[in-house]
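These notes are about the structure you will find just below.
Below, chains carry the letters A, B, ... as their sequence lines are ordered, and counting in each starts from 1. Reckoned from all heavy atoms, side chains included, excluding hydrogens, waters and symmetry mates.
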Amino acid sequence: MAKMFEELGKIGKYGRHGYFTTRRGRVYTPTFMPDGTRGVVKSLLPDQVASTGVQVVLANTYHLHLAPGEKVIKKLGGLHAFGGWQGPILTDSGGFQVFSLGKFTKVSEEGVTFKHPITGEKRLITPESSIRVQLDLGADMLVAFDHLIGLDKSKPEDVLDAFERTHRWLDRCTKEFNRLTKSMKPSDRPMLFGVVQGGLDLDLRKKSLELVKASDVGGIAIGGLSVGEGQKAMFKVLSALAPLHDPSRPRFLLGVGEPADLRFAYEHGIDMADCVLPTRNARHATVFVSGDKKMHLTNSKFISDPNPIEEDCDCFACASGYSRAFLRHQFKVNEPVAGSLCSIHNLRYLERICEQYRVAK
RNA sequence: GCAGGGUUAGUGAAGCGGUCAAACACAACAGACUGUAAAUCUGUCGGCUUUAGCCUUCGUAGGUUCGAAUCCUACACCCUGCA
């Protein structure tokens, strides 16, 4: 496999910064990617997203498959034309929904059946169909359809079962992906990420990583973390995997967005991460501030506070001088612009973390 | 002036003899949120202490009753008809 990742410097003992190339251009790492589940980063226009330094946006296979459907989006020119984001788009596989919508789904060897949340009809997602949907959506980076389970209350045999199924499914994903993309020019070909599972079992995790590294994928994703196991447990897994990573491929930590968690991840070999946290928290009036602390803008103490969220922040909201008092008021009266401004701030906060790492030697 | 209806905690509004410190909604206050069924959800919301409990409340003042936000009387204010 061709060397894909160009390293430009080290971050601590295990981390690194550099770039890799997608069919929509280079992505500099470490990077944080906001989730635009339904084809947009909620409450933000593409220019606003880009203004924060975001390079890649996520979209979700599960949601877009249900509505409006990948065929509709394909007909409209794919996700880039549909939502207006011109940078690389990474689609998630739908595997997470198997976990988060657990009581309505049934996992079998073939795939996952679930009830359509609106129509109630029975639907099936398989590894093959997930890949097809992601390609129809026009994704530049795809994620293999995996099986994750909650870590806090799962039994070892369930973890093993999910681990084994994830790898059987990975084979099916790579086959389907290669079948559908082999005729493309290399420069037009999207990238597929395989997913490492194995719960909190470090041996299983290492084994899983080796299996993904040995498979025909362009990137390595680490899944099944930040699902309730606690920060210590997650750090243990990231630490165990850090020395084993493949230098030639980007490594993507799925679903992590706490600033402190991201720092740890980037220092332990992770190149990219996605999360709903910065944008969801922002819409819920919680913003990140220096020291990786959080500020609740609806608190009454901000009622006449003239300061921006952070004096030295260069995000649009802070640089424009929007006061905490203004933001608090707009939240109190349910004006969505407050959530938009805070989404910009929170994304910028995470991108600033990434940028700090990108100058390391 | 006559007849009828009303007055409940910050607001709106249930309750119409005991299980009522009083449903519910909103507001207020605090919190949660990690591959988005999330511009969502949770808790508090008379006072004091706080598993429990005690005290003061349902326009005001009396009364009936073992017991009243709930029944009776008077008064105050508001609304609707007829004059």
Taking the [atom1] atom of each, how far is [N] from [M], in whole Å?
N: G35(B); M: A23(B); atom1: C1'; value: 42 Å
N: C75(B); M: G6(B); atom1: C1'; value: 16 Å
N: G31(B); M: G12(B); atom1: P; value: 29 Å
N: A69(B); M: A13(B); atom1: C1'; value: 14 Å
N: A39(B); M: U19(B); atom1: P; value: 42 Å
N: U11(B); M: G5(B); atom1: C1'; value: 22 Å

Kindly point out which of [options] is positioned nearest to the side chain of [X]?
X: T279(A); options: A39(B), U36(B), C29(B); result: U36(B)
X: K42(A); options: G35(B), A37(B), A39(B); result: A39(B)
X: V143(A); options: G35(B), C33(B), C29(B); result: G35(B)
X: D35(A); options: G35(B), C29(B), C33(B); result: G35(B)
X: L148(A); options: C33(B), G35(B), U36(B); result: G35(B)
X: S300(A); options: C33(B), C29(B), A39(B); result: C29(B)

Quick one: label [X] by what it contacts on the DNA or RNA (base, sugar-phosphate, nothing), any heavy atom closer than 4.0 Å.
X: Q197(A); result: base
X: L254(A); result: base
X: E335(A); result: nothing
X: G339(A); result: nothing
X: S93(A); result: base
X: G95(A); result: nothing
X: L58(A); result: sugar-phosphate
X: K301(A); result: nothing

Separation of [X] atom [atom1] from [N] atom [atom2], in whole Å?
X: I125(A); N: G35(B); atom1: CD1; atom2: P; answer: 17 Å
X: R280(A); N: A39(B); atom1: CZ; atom2: C1'; answer: 11 Å
X: L341(A); N: A39(B); atom1: CG; atom2: C1'; answer: 14 Å
X: Y62(A); N: G35(B); atom1: OH; atom2: C1'; answer: 14 Å
X: L225(A); N: U34(B); atom1: CG; atom2: C1'; answer: 11 Å
X: F302(A); N: A28(B); atom1: CZ; atom2: P; answer: 16 Å
X: M141(A); N: G35(B); atom1: CE; atom2: P; answer: 18 Å

Is there a side-chain polar atom (N or O) of [X] under 4.0 Å from OP1 or OP2 of [N]?
X: H284(A); N: G31(B); answer: no
X: N60(A); N: G35(B); answer: no
X: S100(A); N: A37(B); answer: yes
X: Q97(A); N: U36(B); answer: yes
X: R38(A); N: A38(B); answer: yes
X: T37(A); N: U36(B); answer: yes
X: K332(A); N: C29(B); answer: yes
X: N281(A); N: U36(B); answer: no

Check your understanding: Taking all atoms of both residues into account, what is the closest heavy-atom pair of G194(A) and A144(A), and its distance?
Key -> CA-CB, 4.2 Å
Review point. What is the minimum heavy-atom distance between P30(A) and C354(A), and which atoms define it?
Key: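 P30(A) and C354(A) have their closest heavy atoms at O-CB, 3.2 Å.
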Exercise for review: Evaluate whether atom NZ of K213(A) has more than 12 neighbouring non-hydrogen atoms of other residues, nucleotides or ligands under 6.0 angstrom away.
Suggested key: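 Yes, NZ of K213(A) has more than 12 neighbouring heavy atoms, counting only those of other groups under 6.0 Å.
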Check your understanding: Where does the angle between the aromatic ring planes of F235(A) and F264(A) fall among parallel (under 30°), tilted (30 to 60°) and perpendicular (over 60°)?
Key ->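 Rings of F235(A) and F264(A): parallel, under 30°.
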Check your understanding: So F316(A) and Y322(A), would you call those rings parallel, tilted or perpendicular, with 30° and 60° as cut-offs?
Key ->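 Answer is tilted, since the angle falls between 30° and 60°.
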Practice item. Kindly say whether, by distance alone, the side chain of D261(A) makes a donor-acceptor pair under 3.5 Å with the base of U34(B)? Key: yes
Practice item. Test for a donor-acceptor pair under 3.5 Å between the base of C29(B) and the side chain of T298(A), counting only N and O atoms. Key: no
All N/O donor-acceptor pairs, side-chain side in residues 37-46 of chain A, below 3.5 Å, sequence neighbours left out:
residue, atom, partner, partner atom, Å
S43(A), OG, S340(A), OG, 3.3

Exercise for review: Between R328(A) and H63(A), just flag the one whose closest nucleotide in RNA chain B comes earlier from the 5' side.
Suggested key: R328(A)
Check your understanding: Between F5(A) and R16(A), is there a cation-pi geometry (under 6.0 Å to ring centre, at most 45° from the normal)?
Key -> yes
